**Q** 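First the structure, which I've put down as structure tokens, then a few questions once you've had a look.
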Amino acid sequence: MFVLPIRFERSPRLHPMLSEVAHPVGTRVVVQGKRGPEVATVRGEPGERQAQERYGMVLHAATPADLERWADLHRQGEDLKWLLRARARERGLPVKLVAVEFTLDESLVTVSYSADERIELSSLIGEVRAHTRARVNFAAVGPREQAQMIGTLGACGRENCSSNHLQEFAPVSIRMARDQQLPLNPEKLSGPCGRLLCCLQFEHVQYQELLRELPRKNARVCHEGSGACGKV
């Protein structure tokens with residue numbers, strides 16, 4: 001039994017899945033995950049099985065029929081997403097519908113949404129069931145998860161890290177910006193999600209190590225070669 005790193009469409013996070021076949025990197029496969037059967041992509045070489053790790057299961061390589069079915073469900077989910085957005089506006093619901101995703105067997109449809117406060121969305125269930133007999137699951141997502149699922153461009157001009165490669169959301173604090181001597185401007189320190197930039201954490205440890213060795217402001221220092229002294 002092999003352990004393959006699998007990536008789903010709306011997240012860069014790799015999920016370890018058990019497989020009887022060592023599928024090559026880039027292979028589209030049908031997996032049995034937490035929600036049910038879905039199509040995903042193999043993104044790495046087989047690894048070792050860990051005793052305490054919880055695994056899903058790779059069922060088989062996706063067939064052309066699987067991929068066609070998956071594409072049809074994706075289009076159906078997009079149409080349903082725009083319909084629910086319109087119905088939410090009509091009802092005055094303060095919510096943003098982020099994504100509507102079906103499992104491959106259409107037994108479950110997950111409606112991901114973002115809202116500033118706790119909200120009741122049961123009135124939209126009827127709208128969903130008018131188009132599918134799948135069980136409806138509403139899943140609240142935070143600002144970072146929303147940016148991850150939708151995909152945005154960062155201030156650097158590249159795809160945001162959360163939808164490109166980040167495996168988890170590590171805590172980010174304003175102290176990290178201070179340690180890096182960045183201007184404390186919320187507009188420059190915030191990402192498309194409205195939260196502090198994830199990349200503030202990338203080099204923070206190196207800055208901490210550097211600051212421990214550098215002299216502080218107003219300290220008196222001397223040049224080793226010439227002996228000339230001055231004030232920082």
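Computed from heavy atoms alone, side chains included, the values below leave out hydrogens, waters and symmetry copies. Everything numeric here is computed off the predicted structure, so don't read it as measured data.
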**Q** Using a 4.5 Å cut-off on heavy atoms from C-beta on, say whether the side chain of Phe102 contacts that of Leu108.
**A**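 Sidechains of Phe102 and Leu108: no contact.
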**Q** Sub-3.5 Å donor-acceptor pair from the side chain of Gln32 to the main-chain atoms of Gly56, do we have one?
**A**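 No: the side chain of Gln32 does not pair with the backbone of Gly56.
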**Q** Quick one: salt bridge (Lys or Arg N to Asp or Glu O under 4.0 Å) partners of Arg175, sequence neighbours excluded?
**A**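 Per chain and number, Arg175 pairs via salt bridge (Lys or Arg N to Asp or Glu O under 4.0 Å) with Asp179.
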**Q** To check you understand the geometry: which heavy-atom pair defines the closest contact between Thr103 and Leu73, and what is its length?
**A**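 Minimum heavy-atom contact is O-CD1, 3.4 Å.
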**Q** Are Pro94 and Ile119 packed together at the side-chain level, in the sense that at least one heavy-atom pair is separated by less than 4.5 angstrom?
**A**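 In short, these two side chains touch, coming nearer than 4.5 Å.
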**Q** Excluding sequence neighbours, so at least two apart, what forms side-chain hydrogen bond (donor to acceptor under 3.5 Å, both in side chains) with Ser114?
**A**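 Counting only residues at least two positions away or on another chain, Ser114 forms a side-chain hydrogen bond (donor to acceptor under 3.5 Å, both in side chains) with Gln146.
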**Q** Do Lys96 and Ile150 touch side chain to side chain, with heavy atoms closer than 4.5 Å?
**A**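 Lys96 vs Ile150: side chains touch.
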**Q** If you draw a 6.0 Å radius around CZ in Arg13, do more than 12 non-hydrogen atoms from other residues or ligands fall strictly inside?
**A**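 No, the 6.0 Å shell around CZ holds no more than 12 heavy atoms from other groups.
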**Q** Write out all pairs satisfying salt bridge (Lys or Arg N to Asp or Glu O under 4.0 Å) with one or both partners inside residues 16-35, taking only residues at least two apart or from two chains.
**A**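 Every salt bridge (Lys or Arg N to Asp or Glu O under 4.0 Å) pair that includes a residue of residues 16-35, provided the two are not neighbours, is Glu9-Arg28, Arg35-Glu38, Arg35-Glu101.
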**Q** Test of understanding: with side-chain hydrogen bond (donor to acceptor under 3.5 Å, both in side chains), list the residues that count as partners of Glu187, not counting sequence neighbours.
**A**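 Scan of Glu187 (side-chain hydrogen bond (donor to acceptor under 3.5 Å, both in side chains), adjacent residues dropped) gives none.
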**Q** Tell me the salt bridge (Lys or Arg N to Asp or Glu O under 4.0 Å) pairs involving residues 204-215, sequence neighbours left out?
**A**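 Sorted result for residues 204-215: empty, none.
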**Q** Looking only at atom types and distance, does a side-chain atom of Asn160 sit under 3.5 Å from a main-chain N or O of Thr152, one as donor and one as acceptor?
**A**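 Yes, because the side chain of Asn160 sits within donor-acceptor range (under 3.5 Å) of the backbone of Thr152.
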**Q** Knowing that exactly one of Val98, Leu124, Leu121, Val141 qualifies, which makes a side-chain contact (heavy atoms from CB on, under 4.5 Å) with Tyr113?
**A**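 Among the candidates, only Leu121 passes.
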**Q** Go through the structure and list residues passing ring-ring contact (aromatic ring centres under 6.0 Å, His included) with His15, not counting sequence neighbours.
**A**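 Once residues adjacent in sequence are excluded, the partners of His15 under the ring-ring contact (aromatic ring centres under 6.0 Å, His included) criterion are Phe8.
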**Q** Name the atoms and distances for all side-chain donor-acceptor pairs under 3.5 Å in residues 223-232, with sequence neighbours left out.
**A**
unit_1, atom_1, unit_2, atom_2, d
His223, ND1, Gly225, N, 3.2
His223, ND1, Ser226, N, 3.0
His223, ND1, Ser226, OG, 3.2
Ser226, OG, Ala228, N, 3.3

**Q** Show every salt bridge (Lys or Arg N to Asp or Glu O under 4.0 Å) that has at least one partner inside residues 142-166, sequence neighbours left out.
**A**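 Every pair satisfying salt bridge (Lys or Arg N to Asp or Glu O under 4.0 Å) with a residue in residues 142-166: there are none.
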**Q** Indicate the atoms forming the closest heavy-atom contact of Thr27 with Ala61, along with that distance.
**A**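 Closest heavy-atom pair between Thr27 and Ala61: CG2-CB, 4.4 Å.
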**Q** Any side-chain heavy atom of Met17 within less than 4.5 Å of one from Met57?
**A**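 In short, these two side chains do not touch, never coming nearer than 4.5 Å.
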**Q** Partners of Glu106 by salt bridge (Lys or Arg N to Asp or Glu O under 4.0 Å), sequence neighbours excluded?
**A**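 Glu106: salt bridge (Lys or Arg N to Asp or Glu O under 4.0 Å) contacts with Arg69.
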**Q** Could you work out, with salt bridge (Lys or Arg N to Asp or Glu O under 4.0 Å) as the rule, every residue matching Glu68, not counting sequence neighbours?
**A**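 Salt bridge (Lys or Arg N to Asp or Glu O under 4.0 Å) check on Glu68 returns nothing, list empty.
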**Q** Could you list the residues that satisfy salt bridge (Lys or Arg N to Asp or Glu O under 4.0 Å) with Arg75, not counting sequence neighbours?
**A**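 For Arg75, the residues satisfying salt bridge (Lys or Arg N to Asp or Glu O under 4.0 Å) (neighbours in sequence not counted) are Asp72.
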**Q** Aromatic rings Phe202 and His165: how do their planes relate, parallel, tilted or perpendicular, breaks at 30° and 60°?
**A**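 Tilted.
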**Q** Without swapping roles, check the side chain of Ser19 against the backbone of Ala22 for a donor-acceptor pair under 3.5 Å.
**A**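 No: the side chain of Ser19 does not pair with the backbone of Ala22.
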**Q** With sequence neighbours excluded, give me every salt bridge (Lys or Arg N to Asp or Glu O under 4.0 Å) pair touching residues 111-138.
**A**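 Counting only pairs at least two positions apart or across chains, the salt bridge (Lys or Arg N to Asp or Glu O under 4.0 Å) contacts touching residues 111-138 are Arg87-Glu127, Arg91-Glu127.
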